[in-house]
Amino acid sequence: MNWKQAFTSSIGKKLVMSLTGIFLITFLIVHCYINAQIFWMDGGVKFTEAGHFMATNPVIRFVEIGLFVLLFLHIIQGLMLWSQNKSKRNTRYAVSAGNHTSKWYSRSMGLLGTLILLFLCMHLYHFWIPNRYQQTFGSGEIDLFGKMQAVFSNPAVVVVYVLGCIALGYHLVHGFYSAFQTLGLGTHRYKKMIRNIGIAFSIIVPLIFALMPIGFMANLIH
Amino acid sequence: MEHYSMNLTLKVWKQKNKNDKGGFETYQVKGISSEMSFLEMFDVLNEQLIAEGKEPIAFDHDCREGICGMCSMYINGRAHGPWHQTTTCQLHMREYKDGDTIVVEPWRANAFPVIKDLVVDRQSFDRIIQAGGYISVNTGNAVDANALPIEKQKADESFAAAACIGCGACVAACPNASAMLFVSAKVSHLALLPQGDPERKTRATNMIQQMDKEGFGNCTNIGACEAECPKGISLENIARLNREYIGSVFSGSGTGNL
């Protein structure tokens with residue numbers, strides 16, 4: 001089996017999903033850690049410091065390019081898997097098993113991923129794009145703490161952010177476990193551990209993210 | 001449990017042949033005993049149809065004791081019906097009440113085309129086995145069965161994987177129509193034993209390539225296969241298949257017959 005066949009077979013495609021997914025999970029950890037600096041209640045001093053490091057460190061900037069490439073790969077491969085899998089059963093069942101044999105979020109990874117992508121577009125428009133734009137063409141980084149305060153003063157935006165975090169949580173409950181199962185780690189020895197760590201991760205990380213817009217809107221972060 | 005008899009409405013998929021469009025037909029059956037198996041209920045219906053001069057419903061069956069893997073009905077949205085770890089022939093009518101309506105469909109997957117009514121063509125499974133589900137055995141005198149020491153744990157896991165009867169319920173239940181649980185069982189029961197070692201580096205890749213060629217979907221670790229498998233084949237086998245695949249891709253010779 002040559003390398004191209006190895007990564008385009010059914011398991012190969014899943015390996016691409018798994019490895020890019022695990023990279024995106026590590027990104028979430030870093031993103032969450034940096035942003036959680038707002039909870040020091042120091043007017044965003046520590047957060048701005050951390051943000052400055054992330055925006056200017058050449059290694060981080062290089063990894064950022066990789067992040068976009070792998071995110072793109074994850075999206076394209078996911079959409080291809082979704083459309084291929086839909087084409088494998090031309091006559092559909094009249095009665096479906098519903099939730100008797102599987103979880104709704106496991107069957108809805110494509111939908112959840114699409115929701116996250118739509119959320120991500122809005123999220124980048126709020127923070128990443130203006131920041132990089134001003135960094136490149138203007139007077140350096142923007143005041144992200146102030147920007148967060150401004151963006152999250154709108155309750156409608158906060159609701160969308162919370163919904164985005166919920167979609168992310170459900171995507172992760174399946175995705176975390178599935179990534180390690182695809183790597184062959186879903187053995188008797190590890191499967192419970194992977195499941196439980198995955199569930200904890202899928203609750204804790206989106207919850208910390210969701211607390212940011214909620215905290216700003218409720219004037220709890222200053 | 002008290003014995004009782006019931007009248008049922010059956011909506012059964014009827015399809016003349018592979019090219020026919022097919023559709024549901026509704027039948028009434030009367031006086032069905034709660035002690036009957038699901039297939040015996042179909043026997044009663046077919047006798048009734050023959051007596052009326054109509055064509056009986058074609059369905060697959062053979063041993064009727066849950067080990068041959070021939071029966072294959074998708075009953076009210078469930079492969080082999082609602083009972084846990086049973087085949088259609090082991091499902092009994094005490095599951096149902098008088099007046100129930102039961103919808104019966106064939107396995108649905110492009111890789112399992114309908115031959116007639118509820119009978120589907122599962123030869124794609126045979127071709128996957130031919131692609132790698134075998135071992136090399138030298139000719140000559142039979143080797144003493146106990147000459148080769150095998151760890152108890154591995155022998156048990158191999159045996160559990162070998163319990164797969166190839167019925168195709170995993171494909172029928174999978175929202176992606178993937179055959180991964182079947183392939184993983186076939187790869188696992190050989191990969192765990194020393195007898196399976198000579199072909200180990202090519203088995204998983206060859207069988208996966210054949211699986212893809214047959215038009216099965218990609219596994220997305222949903223787990224409906226494991227929930228519906230009449231033999232309780234575990235998702236751990238899919239993890240093992242993934243490891244075997246990674247092993248043969250990254251440490252195999254890369255030549256193989258591919």
| request: Over all heavy atoms of both residues, which pair between Arg89(A) and Val171(B) is shortest? Give the atoms and the distance, please. | output: NH2-O, 2.8 Å
| request: Answer with side chain, backbone, both or neither: which region of His174(A) has an atom nearer than 4.5 Å to a non-hydrogen atom of chain B? | output: side chain
| query | So which bits of residues 67-80 of chain A come within less than 4.5 Å of chain B, counting non-hydrogen atoms only? | reply | none
| task | With rounding to the nearest 0.5 Å, note down the distance linking CD1 in Ile238(B) to CD1 in Ile11(A). | result | 9.0 Å
| query | Picking from Arg108(B), Glu236(B), Arg243(B), which has the most non-hydrogen pairs under 4.5 angstrom with chain A? | reply | Arg108(B)
| message | Would you call the rings of Phe7(A) and Phe250(B) parallel, tilted or perpendicular, taking 30° and 60° as the class edges? | response | perpendicular
| task | Under the side chain to side chain contact (heavy atoms under 4.5 Å, CB included) rule, what do Gln181(A) and Leu235(B) come out as? Steps first, then yes or no, please. | result | CA-CA 9 Å; Gln181(A) 167 76 359; Leu235(B) 290 180; 4.1 Å; yes
| field | Trace of the side chain to side chain contact (heavy atoms under 4.5 Å, CB included) decision for Lys88(A) with Asn176(B) | value | CA-CA 7 Å; Lys88(A) 303 297 184 190; Asn176(B) 307 328; over 6 Å; no
| query | Where do Thr182(A) and Asn242(B) land on the side chain to side chain donor-acceptor pair (under 3.5 Å) test, with the steps shown first? | reply | CA-CA 6 Å; Thr182(A) 298; Asn242(B) 291 335; 4.8 Å; no
| task | Indicate the atoms forming the closest heavy-atom contact of Asn218(B) with Ser10(A), along with that distance. | result | OD1-CB, 3.1 Å
| said: Can you give me the closest heavy-atom contact between Val95(A) and Tyr74(B), atom names plus distance? | reply: O-CE2, 3.6 Å
| request: Mind listing the closest non-hydrogen atom pair of Leu183(A) and Ile246(B) along with its distance? | output: O-CD1, 3.8 Å
| field | Main-chain N/O of Ala172(B) paired to Tyr93(A) side chain as donor or acceptor, under 3.5 Å | value | yes
| note | Most heavy-atom pairs under 4.5 Å with chain B, out of Ser102(A), Gly98(A), Ala6(A), belong to Ala6(A)
| said: Please classify the contact of Ser178(B) with chain A as side chain, backbone, both or neither, using a heavy-atom distance under 4.5 Å. | reply: neither
| remark: Scanning both residues in full, the closest heavy-atom pair of Ser9(A) with Tyr245(B) reads OG-OH, 2.6 Å
Using a 3.5 Å cut-off and no angle test, enumerate the donor-acceptor pairs between side-chain atoms of residues 158-166 of chain B and protein atoms at least two apart in sequence or in another chain.
from	atom 1	to	atom 2	distance (Å)
Ser158(B)	OG	His189(B)	O	2.8

| query | Looking at side-chain heavy atoms only, is the closest gap between Leu15(A) and Val249(B) below 4.5 Å? | reply | no
| Contact origin within Pro106(B) toward chain A - heavy atom pairs under 4.5 Å | backbone
| task | Please look at Phe24(B) and chain A and tell me whether the side chain, the backbone, both or neither of the residue comes under 4.5 angstrom of a heavy atom of that chain. | result | side chain
| Does atom CZ of Phe127(A) have more than 12 heavy-atom neighbours from other groups under 6.0 Å away? | yes
| said: With a 4.5 angstrom heavy-atom cut-off, is it the side chain or the backbone of Cys174(B) that approaches chain A, or both, or neither? | reply: backbone
| message | If I measure from the heavy atoms of chain A, does Val103(B) come under 4.5 Å with its side chain, its backbone, both, or neither? | response | side chain
| query | What part of Tyr177(A) gets closer than 4.5 Å to chain B, counting heavy atoms only: side chain, backbone, both or neither? | reply | side chain
| Highest number of heavy-atom pairs under 4.5 Å with chain A: which of Glu228(B), Arg240(B), Glu105(B), Lys11(B)? | Glu105(B)
| Between CD of Gln5(A) and CD1 of Ile208(B), what distance do you get to the nearest 0.5 Å? | 13.5 Å
| request: Tell me, yes or no, whether the heavy-atom count around Trp128(A) atom CH2, taken from other residues, nucleotides or ligands under 6.0 Å, exceeds 12. | output: yes
| query | Would one find more than 12 heavy atoms of other residues, nucleotides or ligands at under 6.0 Å from atom OH of Tyr105(A)? | reply | yes
| Pairs of heavy atoms under 4.5 Å with chain A: top-ranked of Ile222(B), Asn221(B), Thr220(B) | Asn221(B)
| For Ile75(B), is it the side chain, the backbone, both, or neither that has a heavy atom closer than 4.5 Å to a heavy atom of chain A? | neither
| task | Answer yes or no: are there more than 12 heavy-atom neighbours, outside Trp83(B) itself, under 6.0 Å from its atom CH2? | result | yes
| field | Proximal component of Ser96(A), with respect to chain B [non-hydrogen, under 4.5 Å] | value | backbone
| task | Could you look at Trp82(A) and say if it's the side chain, the backbone, both or neither that has a heavy atom under 4.5 Å from chain B? | result | neither
